[in-house]
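Below is one structure, written out as structure tokens; the observations come after it.
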Amino acid sequence: MARRWVLRVVSLAAGLLLWQVLTASGVRLWLRFDQLPTAVEVAERFARQLTRAEFYGDLGSSLARIGLGFLLAAVVGTALGVVVARSRVLGDLVQPLLEVVRPIPAIALVPIAILLFPTDEQGIVFITFVAAFFPILVSTRHAVRALPTTWEDALRTMGGSRRQVLVRVVLPGALPGVFGGLSVGMGVAWICVISAEMISGRYGVGYRTWQAYTVVDYPGVVVGMVTIGLLGRVTAGVVELLGRRATRWLPGEARS
Amino acid sequence: MARRWVLRVVSLAAGLLLWQVLTASGVRLWLRFDQLPTAVEVAERFARQLTRAEFYGDLGSSLARIGLGFLLAAVVGTALGVVVARSRVLGDLVQPLLEVVRPIPAIALVPIAILLFPTDEQGIVFITFVAAFFPILVSTRHAVRALPTTWEDALRTMGGSRRQVLVRVVLPGALPGVFGGLSVGMGVAWICVISAEMISGRYGVGYRTWQAYTVVDYPGVVVGMVTIGLLGRVTAGVVELLGRRATRWLPGEARS
Amino acid sequence: GGAASDEVAVVVGYQSKTINTVTAGTLLRELGYFERRLDALGQRTGTRYRVTWQDYDTGAPITAQMVAGRVDIGSMGDFPLLINGSRTQDMGDEGTRMVSVTGYNARGALNMVVVRPDSTAKALSDLRGQKVSTSVGSAGHGTLVRALDGTEVVVENQQPSVGASALQGGGVAALSQFVAWPGQLVFAGQAKLLYDGAALDHPTLHGVVVRKPFADARPEVLAEFLRAQLDATRYLHANPLAAAESVAAATGLPPEVVYLYNGPNGIATFDLSLKSVLREALRDDVPLLRSIGDIAELDVDRFIDDGPLKAVYEGTEDLANPARITGEDPVCGVPVADPAAAGEVWFAGESATRPAATPDCLLKQVKQAGKQVRAAYVPDAATGTRWFAEHAHWVRDGDRFLPFATEAEAAKRGAVLTYAQALAGA
Amino acid sequence: MSVRIEGLTAGYGRSAVLRGLDLVVAEGELLVVVGPSGCGKSTLLRVVAGLLPGTAGRVLVDGVPVRGTSRDRALVFQDDGLLPWRDALRNVELPLALRGVPRAERRVRARGWLDRVGLAGFERHLPRELSGGMRQRVQLARTLAQEPRLVLMDEPFGALDARTRSAMQELVMAVLRETGTTTIFVTHDVDEAVRLGDRVVVLGAGEVDVRREAILAAVMG
Amino acid sequence: MSVRIEGLTAGYGRSAVLRGLDLVVAEGELLVVVGPSGCGKSTLLRVVAGLLPGTAGRVLVDGVPVRGTSRDRALVFQDDGLLPWRDALRNVELPLALRGVPRAERRVRARGWLDRVGLAGFERHLPRELSGGMRQRVQLARTLAQEPRLVLMDEPFGALDARTRSAMQELVMAVLRETGTTTIFVTHDVDEAVRLGDRVVVLGAGEVDVRREAILAAVMG
Ligand SMILES: Nc1ncnc2c1ncn2[C@@H]1O[C@H](COP(=O)(O)OP(=O)(O)OP(=O)(O)O)[C@@H](O)[C@H]1O
Ligand SMILES: Nc1ncnc2c1ncn2[C@@H]1O[C@H](COP(=O)(O)OP(=O)(O)OP(=O)(O)O)[C@@H](O)[C@H]1O
Ligand SMILES: [Mg+2]
Ligand SMILES: [Mg+2]
């Protein structure tokens, strides 16, 4: 166990070092590192940010927005994914609409969200919801479709109703796939946080990052990226942990 | 079969009609439809766009960028997903880095892509690559982890090498999950097309949509969204079709 | 939105980085004048007012928010203003009105074209066939189109920050942008000035728009806003350096750059008046704007509503910058008066700038002091555009040194010297 | 429960596995079905269970045509139908949970059945942590816990050693006889067929109904 | 191939299933392993196959300690180890493909083996489209196609009816004898054990080595 953590830390440290070396020496071999901020510059800025109250306010509001949007997406996405996979009629009715909306960029939703929702916060949550929703939906649909039929058959011969089949077989059986979707969905929600917070005009790590870019403050941009990266890591970690607990029966999970 | 298509068309038509009614009558019940462009306005603009050569140029360049980025992501994402799921050491080395980079917004990558890559096109492809890469990686990892051990055991007792186990068991066995990831990845690639094409400054449907937003041209924005939605639908449809062909052995696929 | 019933919510949208709007945005917010005036108003009327400030990176989201009825008062540049008016025109009395100017430059120097420091281009015509980044539909784009005058370039439509990265990364040869961008990039040594918008002699401005329904429902709030804007403008005129430092702290821009634009005799002239030359300039911009996008014809005179401003402030047609460099030149020992010649030096570690009567006086002052200079500002000898002495191009004219913002302009007058050479010769 | 099959045709896709089958099972009877591998024994059970609709003919249970599954008709699957995410105990609890037996009670009852199939101590093992024969016994316990009125068993003792097998046979037969449960029992073990069956049907040979004496010759060839 | 097991202890996690087992199988011998359900028969085969490392003791094959799997040691799984995305033919081809036999040739050979296990005509069926007994026969065909020098069989005929079973027994025994292949054979069928085995071992009873005559009593209790 200790060895694994050593490896993980070594990996991150090596990444940082590589970044520092490439940027500080201004390497230009096809890829050009000469204009990027160095790791040390970013670290200094990051340390400064950590002393500011504003920074924690940003964290809080972004986490709340992503959290709410993600929760909604998890519930609605899983439910709809199951429905679309299990009912041919509902699938045919719902899926064409969803499929056309699915690839619409979060950032293109900004004006729509502004016009559609009474408040900015609702618009922001809406965009993170949309972002997380589709990966969850698609993964759930795939997972439900890939379920072996025996388990369902077993439940039905025990007199299980349609609803019981859903609750006792389809949901737990699809859970590994659903958690894959939740993990991806969380990532995509963070990917869209900047677009979503463009509406805000006030707080949030996404908003702050974009603001840094509008004054071409690259260390500020990278600090924002790293913050979002870490927040994303932590939230996705929580999802993966829950997922691993929920799917402990898988042979692969016992292994790792 | 015919009935299914009828349902699908009905669904889309109902969606359009609802949109028209809500926007044209300017409904304001919590959600506010009064300022959104109506379906008819958008359709007119869309029809006008279809007569312009520029529009097809945009389609072509966006498709090429997404296509290339997605292909790269499919290859690298699947490969790395398998590696991370199968090798504990490599997983511990690679995953911490990937996990921190994963939630970084595509739009935050814009300055990095510009500074890092010699040409705009490379930067754009890079951003779509990153967008599609992570869903593919994560889904592959989950799918590989969820594989039953029997199949691998069978191959090994036939004298299958590590490589043969990968090629003959892990890849085909994880294929349903991988295709789930590819489908999501294609969606996310389109979600990021606007961010990516912000670099472009000239062509692409993403660029054109953002451009419409910067001059607050809502019908233009919606036409862009619809175009991206349709392109996304078609490309994701191709991926799903390939997926269904590749996983025809699944009981669920036979059903649908 | 979302206010309690006994509370009036006012939402102000602004662009902190577009420093030509500070008197209706960043500075006004920092000073708190608007809130104070509303408190006083509340004392009289028994109403509570709550102000929310929202900072956006361009005018588009402010317009979008105004269309959605969620931003009441906004400030933005001339082209975004026109887009705002055009997009809300169909809404009739539900639309928006322009009610005041924040700042302007009568010759158009707020917009400039910059190139990388190592660029060999001397004039816009040298950019033929190359890529130039600008934000289509912005003031910087308008200037570029007018200034190119037929020179064929490849226009890359990018957000200002994306364009700045592209310039740095080598993706584009030049960048045409509005306030703060050119000064900021030049100050950071990431660009040099190729073309000064002042050469066009076409005014450019930023202004304030209000939602008509809000103006009708809460005329008293709008009046207090304009009064507060006036207060902030006066504060800026009286305390230019403090104002610049306050804005710099709030935005992350270097104070030297803010002071370049917003200081005395700066590139931006702050005045609320809806002057006829500015109205004329807006009218001239409409056809250009229509040529680049699907934008409806705008009735500028209907869009501009000077009623609310008239009620609180007389206004003036005078184009002279009310903020002047004054005092006595410490080296030449003469009073500083002529805005076409006056400059300023900001020494490191000092909390006030020192005036200079002429560029020569400024050079001498720098030389004698032997101290670290944070920034020195001189007016362009041809256009009067205030510029960094260090980044100006100098020409010896008899016993005088003349500074020019662009090398091309300097070259017309004689052999071009660098700042260091001029300093050595002074 | 009585079962009456009239002219049943069933199969997968376009190909019919069973063609015009007629068969009757009386209330409380134990019918053994034998026949060569792939002749359609499992298919027959799936149709009676209601998992697979026939394409022609009728299946009447207590005179009512079969439409879908029911908790009265339990099926013991040939390859185990245990849910892999539930441990042995919770798999046995499942039919009780489905009909709303309170948790405490169903736990006691499930534990009792696991005991009786010789799996005390393995309550918390997941299916993949059990041997093949143990999984088969968990399935038996589950079926008995379900208390169905018709049991369809598809080679339920196939993976058991002789000793365990006879113990299981004794247990299952005792329960089935005691409750008067009707049974259709598929096996490939001739000895078992002859010893347990009230009647034996050889499928795939024109669906002959045979007496115990004739079966040996018919199957052994 | 000869197998020598010395003091083998093996299990899952912390609990040992096999404890200090000693066992010898001579070259070309057919050893039958019987024992109660859950006693560790499958576990033993997994260890010899190289799928599960023992925690103590040694397993020597031809005098060399087992380290991982090898194509010389084939395992017929108790619950079928067919790849669900490959049809019957391609499942049988698999071991040939793994060692690089050209497509045309391996197709012919796989088809031949499928024929011999009585599955001609089912080449294109996916595993889920085959009955339990048919899947078991596909696995047998695959194992024979592999041409291993040591075969580990885990109840390979468990799902077959008597007639098919004796046909398969005949086929497999003929091939194994002809090629001189060493075999460890797990079964729960006493008759089979006695008829096929050169020697029978009862696992779980102190690992007694018994003669054919003694086995009946030992297992039937
Ligand atoms: N993956 C596993 N994890 C934990 N315990 C296991 C696992 N596989 C098997 N066991 C345990 O090991 C013991 C022996 O199992 P094994 O499969 O070897 O029995 P067996 O002799 O083959 O029985 P059967 O005749 O029923 O197939 C059993 O008690 C079982 O619970
Ligand atoms: N899902 C399916 N799709 C297509 N064909 C199938 C399917 N399931 C079974 N079959 C075919 O139906 C036939 C009968 O299968 P069934 O499982 O009923 O046989 P069985 O009598 O139970 O055999 P066994 O004794 O080997 O279990 C077989 O030929 C098989 O190939
Ligand atoms: Mg069967
Ligand atoms: Mg076993």
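Order of the sequence lines fixes the chain letters, A, B, ..., with proteins taken first and strands second; residue numbering starts at 1 for each chain.
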Original post:
Would you call A:S139 and B:V184 a side-chain contact if the rule is heavy atoms closer than 4.5 Å?
Top reply: yes

Original post:
Does any heavy atom of chain A fall under 4.5 Å from the side chain of B:L22, the backbone, both, or neither of them?
Top reply: neither

**OP:** For B:P103 and A:R233, work out which heavy atoms get closest and say how close.
**Re:** CG-N, 3.9 Å

Original post:
Considering only heavy atoms, which portion of B:S183 lies under 4.5 Å from any heavy atom of chain A: side chain, backbone, both, or neither?
Top reply: both

Original post:
Are any of the side-chain nitrogens in A:E240 or B:R141 under 4.0 Å away from the carboxylate oxygens of its partner?
Top reply: yes

Original post:
Are the side chains of B:S11 and A:D92 in touch, meaning some heavy atoms are under 4.5 Å apart?
Top reply: no

Subject >> Atom group of A:V110 that falls short of 4.5 Å from chain B, counting heavy atoms >> reply: side chain

Original post:
So how far is it from A:Q95 CD to B:L7 CG, rounded to the nearest 0.5 Å?
Top reply: 12.5 Å

**OP:** For each of A:V94, A:L116, A:I228, A:L230, tally heavy-atom pairs with chain B at distances under 4.5 Å, and name the one with the top tally.
**Re:** A:L116

**OP:** Answer with side chain, backbone, both or neither: which region of A:V234 has an atom nearer than 4.5 Å to a non-hydrogen atom of chain B?
**Re:** neither

Original post:
Is B:V222 close to A:I112 at the side-chain level, that is, under 4.5 Å between some pair of heavy atoms?
Top reply: yes

Subject >> Residue A:V188 versus chain B: region with a heavy atom under 4.5 Å >> reply: side chain

**OP:** Count the heavy-atom pairs under 4.5 Å between each of B:G187, B:G232, B:A131, B:G229 and chain A, then report the option with the highest count.
**Re:** B:G229

**OP:** Look at B:V221, B:V89, B:V10 and state which one has the largest set of heavy-atom pairs under 4.5 Å with chain A.
**Re:** B:V89

**OP:** With rounding to the nearest 0.5 Å, note down the distance linking CG in A:L36 to CD1 in B:I114.
**Re:** 11.0 Å

Original post:
Got B:I191 and A:I104 here, is their nearest side-chain heavy-atom distance under 4.5 Å?
Top reply: no

Original post:
With a 4.5 Å heavy-atom cut-off, do B:M186 and A:R102 have their side chains touching?
Top reply: no

Original post:
Taking B:F33, B:W210, B:Y218 one by one, which has the highest count of heavy-atom pairs under 4.5 Å against chain A?
Top reply: B:Y218

Subject >> For chain A, the option from B:A108, B:P176, B:P111 that forms the most heavy-atom pairs under 4.5 Å >> reply: B:P111

